[in-house]
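Since the structure comes first, as structure tokens, the remarks are kept for the end.
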Amino acid sequence: MIDPRLLRSDPASVAKRLQIKGYTLDVELFESLETKRKALQVDTESLQAERNARSRHIGKAKATGQDIKPLLKDVADLGAQLDDRKQNLLEIQEQLTDLMMSLPNLPDESVPEGGDEDDNQVVRSWGDPTAFDFTPLDHVDLTREGGLMDFDAGVKIAGSRFVVLRGAVARLHRALIQFMLDVHTREHGYQELYVPYVVNRESLMGTGQLPKFESDLFKLTDEREFYLAPTAEVPVTNIVRDCIVEAEQMPLRFVCHTPCFRSEAGSYGKDTRGMIRQHQFEKVELVQMVPPEDSWAALEALTGHAEMILQKLGLPYRVMNLCGGDLGFSAAKTYDLEVWLPGQQAFREISSCSNFLDFQARRMQARWRNPDTGKPELLHTLNGSGLAIGRTLVAVLENYQLADGRIRVPQILQSYIGGDAVLAP
RNA sequence: GGAGGGGUGGCAGAGCGGUUGAAUGCACCGGUCUUGAAAACCGGCAUGCCGAGAGGCAUCCAGGGUUCGAAUCCCUGCCCCUCCGCCA
């Protein structure tokens, strides 16, 4: 949520900055709601003050044994009046909260202008696109033999955009998870977490998936409002919801491997081949909670942590600064890591690292105790994939393929799969 | 699944339906004392909104209800704890 004070004091400049994200704020609607709210609130509160005063009076009169009947008569119609105004106020407030909760975060100054991914800026790149003296295959063709990636089985069991992995590929997939968790816990100072994969409405509100993006989620048919987590960001970030974190515990750095479930509504026909876009995929997620003044440095560090995985795996990639139009709902700034996929002859997103500033924290009421003021203040949250497992698997298969169709195993992964230098079927 | 007990400030923990936004302790902040620290003592210490200020309003898990008035009474939901049963 955007700071309501900022929105109230300068809606025009908020609107201007939201426009960079392609969001049009109806300033007039907001201001008229705000004006109504203010009037109603003052009205209601003065009425309440009167009622409170009179009730107190009755209490005192009763205590001294006076006749309270005339006093009661006085307040007879106050209650109904009050109920009426309260109801009006509540309706306006509800409209205002709905509006506020559906406003995206303000983009940072350093976010480039632009409407879609074509306007993203290359910040830096690492490695050169892998060279082959033959025409490289994509991961689908590479794994056809032996049904190592069995898309038909996935379809049979669940439906399209699901897959069954077998044998060496399933093992490599698992090895990638272990490897990433090890690097982040041992070298980057993250605490490993295990979390629920089912999340409630409040949690999704907190990180910003709700109320606007319900259709991206799988909802369970239960009388409780349960959803499958679309990313570990949701369960992990919500750990600090309604919490006041002590300063000496900061920064909090969590790493968590979870499956992620996404309905991918609206992506029909997009990335239908292979494992690039699935309803269910694994991800190792990095999440940080930091004091506000540290969050920009933390974004650079966190992005670096994700990059380190690609470097250790020897996968060429580039870092993109997302333009306004491509920026997510909650993010103030996002770096995407794009890995080189020889099968597609293209860079594809494999990680997304964002600073949310206090946007999520305000929704979650996640605070820390600022030692300078002694007061609870909103903290800053960040997260990034470190990395998406399915896409990393694809990248390894495609970048490490040999002319005969076998797959070399990146040096650093060999100890995770029994020392094999070439993927054994 | 069955039977009970609970949800109050950062934490612990009081709180006859009226002057309780809430005793007390701990923690924290400031001060006195001390060479310094500890102890002791004094003072301060929830959040949001409105207001220039004085002050006002709201919040004691959430939502309804009773009442002139609810932290306190009633109903529903959520969560936690204890015991029994079942279970990976």
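Proteins get letters first, then strands, A, B, ... in listed order; numbering begins at 1 in each. None of these values were measured; they are calculated from a predicted model.
Contacts of A/I244 with the nucleic acid, taken as non-hydrogen atoms under 4.0 Å apart, involve only primed sugar atoms and P, OP1 or OP2. Residue-level contact check: A/K62 touches the bases, meaning some heavy atom is under 4.0 Å from a base atom.
With the nearest nucleotide of RNA chain B identified for both A/I58 and A/E246, A/E246 has the one nearer the 5' end. With the nearest nucleotide of RNA chain B identified for both A/L72 and A/R224, A/L72 has the one nearer the 5' end.
Between A/E50 and A/R54 there is a salt bridge, since at least one side-chain N of the basic residue sits less than 4.0 Å from a carboxylate O of the acidic one. Taking the charged nitrogens against the carboxylate oxygens, A/D83 and A/K86 have no contact shorter than 4.0 Å, which rules out a salt bridge. Looking at A/R85 and A/D43, a side-chain N of the basic residue comes within less than 4.0 Å of a carboxylate O on the acidic one, giving a salt bridge. Electrostatic pairing of A/K312 and A/E187 counts as a salt bridge here, judged by a charged N lying under 4.0 Å from a carboxylate O. Salt bridge status for A/E264 with A/R277: present, with a side-chain N to carboxylate O gap under 4.0 Å.
Cation-pi check for A/R253 over A/Y190 is met; the charged atom lies under 6.0 angstrom from the ring centroid and within 45 degrees of its normal.
The pairing partner recorded for B/rU19 is none, the criterion being a Watson-Crick or G-U wobble arrangement whose two distances lie under 3.5 angstrom. With a 3.5 Å ceiling on both atom-pair distances, the Watson-Crick or G-U wobble partner of B/rC28 is B/rG44. Summarising the base pairing, B/rC73 is matched to B/rG65 through a Watson-Crick or G-U wobble pair whose two defining distances lie under 3.5 Å. Pair assignment for B/rG1 gives B/rC84, based on Watson-Crick or G-U wobble hydrogen-bonding distances that are each under 3.5 Å. Across all strands shown, B/rA38 remains unpaired; no Watson-Crick or G-U wobble contact has both distances below 3.5 Å. Pair assignment for B/rC60: none, as no Watson-Crick or G-U wobble contacts are both less than 3.5 Å.
As rounded to the nearest Å, B/rC81 and B/rG69 have P atoms that lie 37 Å from one another. Only the C1' atoms considered, B/rU8 is 22 Å distant from B/rG4, to the nearest whole Å. Going from the P atom of B/rG6 to that of B/rC16 covers 14 Å, rounded to whole Å. The C1' atoms of B/rA62 and B/rG51 are separated by 30 Å, rounded to the nearest whole Å. Comparing the same atom, C1', in B/rC33 and in B/rA37 gives a spacing of 12 Å after rounding to whole Å. For the C1' atoms, the distance from B/rA12 to B/rG7 is 14 Å, rounded to whole Å. The same atom, P, is picked in B/rA54 and in B/rG77; the two are 46 Å apart, to the nearest Å. To the nearest whole angstrom, the two C1' atoms, one in B/rG25 and one in B/rC78, are 31 Å apart.
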**Request:** In sequence, state the C-alpha distance, the side-chain angles, and the governing distance for A/Q365 and A/D242, and then conclude on side chain to side chain donor-acceptor pair (under 3.5 Å).
**Result:** CA-CA 5 Å; A/Q365 281 305 297; A/D242 296 321; over 6 Å; no
**Item:** Residue pair A/D150, A/L165: steps toward the side chain to side chain contact (heavy atoms under 4.5 Å, CB included) verdict
**Value:** CA-CA 6 Å; A/D150 194 337; A/L165 304 181; over 6 Å; no
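On the nucleic acid side, RNA chain B has its first and last nucleotide under 4.0 Å of a heavy atom of chain A at B/rG10 to B/rG69, going 5' to 3'.
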